[in-house]
Amino acid sequence: MSTKIVFTSATGNTKEAVELLEEALQDLDQDVEVFDAEDGVEVDEFFDGADNYVVASWSDGDNGEVPGGIVDFYDDLDGYDLSGKKVAVLGTGDTSYPHFCAAVDIFEKLLTADGAELAAPSLKIELAPDDDAIAKIKDLAKTLADAD
Ligand SMILES: Cc1cc2nc3c(=O)[nH]c(=O)nc-3n(C[C@H](O)[C@H](O)[C@H](O)COP(=O)(O)O)c2cc1C
């Protein structure tokens with residue numbers, strides 16, 4: 001099985017979560033490709049050639065927004081046909097904001113509206129991954145590896 005991951009991270013928490021997911025998938029003999037959204041990954045190139053697709057983002061704005069680093073990707077996804085694609089969403093956030101991990105909810109809504117199927121429940125992580133979050137990331141990797 002293969003997984004492509006696109007992420008955005010400003011201070012490193014989401015990047016760390018993505019690196020942990022990449023390692024966990026590789027430990028399960030999965031093929032993994034990771035893309036930083038700030039490098040300008042195109043939606044049609046990203047959603048091609050893998051079994052699973054993961055979108056990972058931190059949350060920005062007082063009421064929760066998609067960060068600037070991944071907003072072009074987000075905008076291009078609006079109305080895109082993702083039927084038949086298996087996706088998962090993860091994000092880091094801060095529970096002191098009114099909408100914890102808002103970008104996770106925003107992406108989950110858009111991806112499913114585009115017809116994608118959730119391969120795993122969305123994963124929300126408080127700031128940098130702690131032991132509990134690391135265990136959940138490993139569970140996510142296992143779910144993705146087992147998805148058919
Ligand atoms: C300007 C700003 C707005 C934020 N808004 C939210 C928010 O609405 N919800 C949330 O859960 N976290 C919010 N956060 C917290 C970040 O999402 C959190 O620190 C995250 O782990 C940063 O990820 P990164 O290290 O990958 O950049 C905000 C942080 C900043 C700086």
Side-chain angles (χ1 to χ4, degrees), residues 2-25 30 32-48 50-147:
S2 57
T3 299
K4 284 182 169 180
I5 306 171
V6 62
F7 77 96
T8 189
S9 181
T11 61
N13 295 337
T14 313
K15 187 172 187 201
E16 194 179 329
V18 164
E19 285 169 354
L20 288 162
L21 179 61
E22 181 183 19
E23 272 173 39
L25 285 164
Q30 304 295 297
V32 193
E33 271 186 283
V34 179
F35 302 83
D36 185 335
E38 291 197 43
D39 294 338
V41 56
E42 300 289 335
V43 162
D44 55 351
E45 286 171 22
F46 180 71
F47 285 101
D48 187 49
D51 298 299
N52 298 303
Y53 303 89
V54 177
V55 177
S57 177
W58 63 287
S59 296
D60 198 359
D62 286 343
N63 292 309
E65 288 167 15
V66 170
I70 200 164
V71 80
D72 287 349
F73 187 83
Y74 173 84
D75 286 345
D76 289 348
L77 268 179
D78 192 9
Y80 195 82
D81 182 10
L82 290 176
S83 43
K85 306 288 183 191
K86 290 197 175 71
V87 301
V89 185
L90 77 82
T92 69
D94 182 338
T95 44
S96 66
Y97 284 86
H99 189 160
F100 177 55
C101 285
V104 170
D105 295 327
I106 293 168
F107 269 110
E108 179 182 309
K109 193 172 168 196
L110 180 61
L111 291 163
T112 52
D114 284 345
E117 178 192 335
L118 286 180
S122 294
L123 178 53
K124 297 179 177 181
I125 295 166
E126 172 80 355
L127 300 171
D130 61 8
D131 287 349
D132 180 55
I134 292 169
K136 287 179 178 158
I137 290 168
K138 287 183 179 168
D139 284 347
L140 172 58
K142 197 165 181 318
T143 303
L144 294 174
D146 290 345

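Residue indices begin at 1 and follow the sequence shown. Reckoned from all heavy atoms, side chains included, excluding hydrogens, waters and symmetry mates.
Qualifying side chain to side chain donor-acceptor pair (under 3.5 Å) partners for Ser2, counting only residues two or more places apart in sequence or in other chains: Asp51. Residues that satisfy the salt bridge (charged side-chain N to carboxylate O under 4.0 Å, His left out) test with Lys142, not counting sequence neighbours, are Asp146.
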Donor-acceptor contacts, no H, no angles, side chain residues 3-19, under 3.5 Å, sequence neighbours left out:
unit_1	atom_1	unit_2	atom_2	d
Lys4	NZ	Glu45	O	2.9
Lys4	NZ	Phe46	O	3.2
Lys4	NZ	Asp48	O	2.6
Ser9	OG	Gly12	N	3.1
Ser9	OG	Lys15	N	3.3
Thr14	OG1	Thr92	OG1	2.9

Below 3.5 Å, can you tabulate the donor-acceptor pairs from side chains in residues 120-139 to any protein atom, sequence neighbours excluded?
unit_1	atom_1	unit_2	atom_2	d
Ser122	OG	Glu108	OE1	2.6
Lys124	NZ	Asp105	OD1	3.1
Lys124	NZ	Asp105	OD2	3.0
Glu126	OE1	Thr95	N	2.9
Glu126	OE1	Thr95	OG1	3.2
Glu126	OE2	Thr95	OG1	3.0
Asp130	OD1	Asp132	N	3.2
Asp130	OD1	Ala133	N	2.9
Asp132	OD2	Lys136	NZ	3.2

Taking only distance into account, with no hydrogens and no angle test, what donor-acceptor pairs under 3.5 Å do side-chain atoms of residues 57-76 form with protein atoms, sequence neighbours excluded?
unit_1	atom_1	unit_2	atom_2	d
Ser59	OG	Ala102	N	3.1
Ser59	OG	Ala103	N	2.9

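Applying the side-chain hydrogen bond (donor to acceptor under 3.5 Å, both in side chains) test to pairs two or more places apart or on separate chains, none has a residue in residues 33-43.
Side-chain N or O atoms of Lys86 include none that pairs as donor or acceptor with a backbone N or O of Ala147 at under 3.5 Å.
Atom CG of Leu140 is separated from atom CG of Leu20 by 11.5 Å, given to the nearest 0.5 angstrom. Atom CG in Leu82 sits 10.0 Å away from atom OG1 in Thr112 (nearest 0.5 Å).
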In sequence, state the C-alpha distance, the side-chain angles, and the governing distance for Leu110 and Tyr80, and then conclude on side chain to side chain contact (heavy atoms under 4.5 Å, CB included).
-> CA-CA 9 Å; Leu110 180 61; Tyr80 195 82; over 6 Å; no
So Val87 and Phe47, side chain to side chain contact (heavy atoms under 4.5 Å, CB included) or not? Walk me through it.
-> CA-CA 10 Å; Val87 301; Phe47 285 101; 4.0 Å; yes
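Contact record, Ala119 with Asn52: CB-OD1, 4.0 Å, taken as the closest heavy-atom pair.
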